[in-house]
Peer 1: 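A single structure is presented below for examination.
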Amino acid sequence: MNILVLNCGSSSIKFAFFDEENRILKGIIERIGFHDAKVYYIFIPNNDKEEYIESILDHQKALRILSNIIEKYDFRIDVIGHRVVHGGEKFVEPVIIDEKVKEDIKECIPLAPLHNPYHLIGIEISQQIFSEAKNVAVFDTAFHKTIPEEVAIYPIPYEYYEKYRIRKYGFHGTSHFYLMLKTAEVLNQPLQKLKLITCHLGNGASITAIKYGESVDTSMGFTPEAGLMMGTRAGDVDPSALIYLQKMENLTPKDIDYILTKRSGLLGISNLSSDMREIISLKDKDRKANLAFRMYCYRVKRYISSYIGVLNGLDCIVFSAGVGENSPVVREEVLKDMDNLGILIDKEKNYSTIGKDGFISAEDSKIKVLVLKTDEEMMIAKIAKEIIK
Ligand code: ADP
């Protein structure tokens with residue numbers, strides 16, 4: 001069975017093609033909506049890469065280009081796995097897409113106005129272009145369906161949950177799910193015995209507490225803006241401070257949203273960059289870059305520590321995504337002074353594990369620490385294949 005995985009965003013489409021066993025092709029079309037959009041892909045078996053600039057003004061054209069690439073290699077597509085950010089309370093499992101499913105994804109648009117509309121566009125156009133293929137939706141929120149209600153419901157009047165479904169949903173579910181399965185495999189232990197904390201630290205960042213194969217808490221909430229400090233997102237802030245700010249600066253809800261999602265986090269504090277690499281390179285010279293670094297790491301530490309309590313113990317902490325996979329400096333800062341909780345890092349292993357999988361905990365660390373490259377595309381392909389079977 002051949003599977004195309006599509007991650008269709010507002011201005012980019014990421015894609016990957018898998019045959020029965022392997023990823024054969026992957027790529028990205030960026031800056032959709034512009035005359036200088038970029039197409040990049042790599043045919044993995046012979047490392048054949050192509051990159052060019054082209055005017056791509058809409059998703060229809062972008063997916064036509066993808067269809068040409070698929071044709072060039074003479075691929076047959078049986079299934080398309082679509083990443084869908086928000087499934088609300090309706091979708092707690094991946095589903096084969098039909099008209100009703102599209103309607104229901106549409107209903108979730110108010111919950112993810114920046115994502116779900118583009119996923120739907122991707123689904124519609126795929127159904128036209130790749131008319132032979134079956135389409136499966138895999139939801140970022142679905143893995144967190146097991147979070148208990150006392151964790152998910154916010155302590156505001158309950159009627160707002162009933163009226164507007166305001167509650168914690170959690171995101172990055174496909175990544176946390178992949179990391180959970182991979183960790184069990186690496187540790188060679190059954191999931192039913194494992195307590196894990198998975199840290200997905202990319203541009204967006206979230207941490208999940210996993211008990212015996214189920215997500216029991218996660219740092220993102222009703223939106224992917226909650227929890228950790230991120231590249232440009234604030235994460236948790238006293239909600240009343242924002243109401244105060246709104247009054248003082250006479251801001252609209254849209255202004256506040258912009259500040260919280262685009263002007264905050266590493267960028268907001270340092271006023272220099274949202275990229276952790278730059279923050280690290282500047283932190284010894286620039287006071288605010290230094291503060292941004294310490295704030296970021298402290299927040300990861302705080303979530304890890306609280307989840308050790310939630311789980312009543314822990315077998316393994318997993319670091320993943322851009323920052324987690326590549327930054328020993330962040331991992332060291334996050335996990336320093338946690339020896340009383342049973343966490344000890346092997347400095348040499350930590351600094352030699354960059355962009356690859358491996359344990360970085362010391363031999364005598366009670367809790368293991370593992371670095372894993374996440375693979376959401378592979379996970380979506382696997383899930384889509386299973387559901388079709
Ligand atoms: P996304 O969340 O968009 O999928 P990634 O998981 O690829 O992104 O993470 C991207 C982020 O990873 C970059 O913004 C950068 O801050 C961080 N990153 C990548 N490499 C390093 C590195 N060597 N050291 C620190 N941070 C890194």
Side-chain angles (χ1 to χ4, degrees), residues 5-16 26-31 38 40 83 85 112 114-115 118-119 138 140 170-179 182 198-208 218-220 223-235 261-284 286 289-290 292-297 299-300 318-335 350-358 360 371-380:
V5 174
L6 277 188
N7 182 354
C8 202
S10 58
S11 66
S12 74
I13 296 177
K14 290 186 192 154
F15 53 90
K26 65 181 257 179
I28 183 164
I29 302 175
E30 287 174 302
R31 288 181 61 76
K38 190 171 117 186
Y40 169 81
R83 178 198 180 208
V85 163
L114 301 180
H115 295 99
Y118 301 99
H119 303 327
V138 180
D140 266 22
F171 297 89
H172 289 145
T174 311
S175 175
H176 291 292
F177 183 44
Y178 171 83
L179 295 171
K182 185 81 187 169
T198 48
C199 310
H200 177 111
L201 309 178
N203 278 320
S206 70
I207 301 196
T208 298
T218 191
S219 59
M220 284 179 168
T223 69
E225 267 61 75
L228 299 170
M229 175 173 167
M230 308 174 215
T232 59
R233 293 179 235 173
T261 56
K262 299 279 188 272
R263 277 191 51 210
S264 295
L266 293 174
L267 177 67
I269 297 298
S270 69
N271 207 16
L272 293 168
S273 174
S274 63
D275 191 316
M276 182 55 94
R277 282 166 290 203
E278 287 184 54
I279 296 296
I280 290 172
S281 74
L282 293 167
K283 75 180 174 59
D284 294 335
D286 184 277
N290 191 286
F293 174 78
R294 286 183 286 123
M295 285 172 67
Y296 181 100
C297 296
R299 280 154 177 75
V300 179
V318 184
F319 280 92
S320 191
V323 179
E325 290 162 23
N326 297 301
S327 181
V329 184
V330 169
R331 297 186 305 234
E332 186 174 51
E333 179 72 16
V334 167
L335 297 180
N350 183 29
Y351 276 85
S352 61
T353 307
I354 297 176
K356 61 177 183 182
D357 296 356
I360 58 166
V371 175
L372 286 181
K373 278 169 83 76
T374 193
D375 197 340
E376 287 154 292
E377 287 165 352
M378 209 276 287
M379 201 68 238
I380 292 174

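Keep in mind it's a predicted model, so treat the numbers as computed, not measured. Counting starts at 1 for both ligands and their atoms, in listed order. Basis for what follows: all heavy atoms, side chains included, without hydrogens, waters or symmetry-related copies.
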Peer 1: Test of understanding: with ring pair (Phe, Tyr, Trp, His ring centres under 6.0 Å), list the residues that count as partners of Phe177, not counting sequence neighbours.
Peer 2: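 Ring pair (Phe, Tyr, Trp, His ring centres under 6.0 Å) list for Phe177, sorted by chain: Phe143.
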Peer 1: Run the ring pair (Phe, Tyr, Trp, His ring centres under 6.0 Å) test against Phe319 and tell me which residues pass, sequence neighbours left out.
Peer 2: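 Phe319: no ring pair (Phe, Tyr, Trp, His ring centres under 6.0 Å) contacts found.
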Peer 1: Is there side-chain contact between Lys182 and Met378, with heavy atoms separated by less than 4.5 Å?
Peer 2: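 Contact flag for Lys182/Met378 side chains = no.
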Peer 1: Mind checking what residues have non-hydrogen atoms under 4.0 angstrom from ligand 1?
Peer 2: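 Residues within 4.0 Å of ligand 1: Gly202, Asn203, Gly204, Asp275, Met276, Arg277, Ala321, Gly322, Val323, Asn326, Ser327.
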Peer 1: Between Ser206 and His176, do the side chains contain a donor N or O and an acceptor N or O under 3.5 Å apart?
Peer 2: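 Yes, Ser206 and His176 have a side-chain donor paired with an acceptor closer than 3.5 Å.
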Peer 1: Side chains of residues 322-329: which donor-acceptor pairs under 3.5 Å do they make with residues two or more places apart or in other chains?
Peer 2:
unit_1, atom_1, unit_2, atom_2, d
Glu325, OE2, Ser320, OG, 3.2
Glu325, OE2, Ala321, N, 2.9
Glu325, OE2, Thr374, N, 3.0
Asn326, OD1, Gly355, N, 3.4
Asn326, ND2, Gly322, O, 2.8
Ser327, OG, Val330, N, 3.2

Peer 1: Among Leu272, Ile279, Asn271, exactly one meets side-chain contact (heavy atoms from CB on, under 4.5 Å) together with Asp286. Which residue is that?
Peer 2: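 Looking at Leu272, Ile279, Asn271, the match for Asp286 under the side-chain contact (heavy atoms from CB on, under 4.5 Å) is Leu272.
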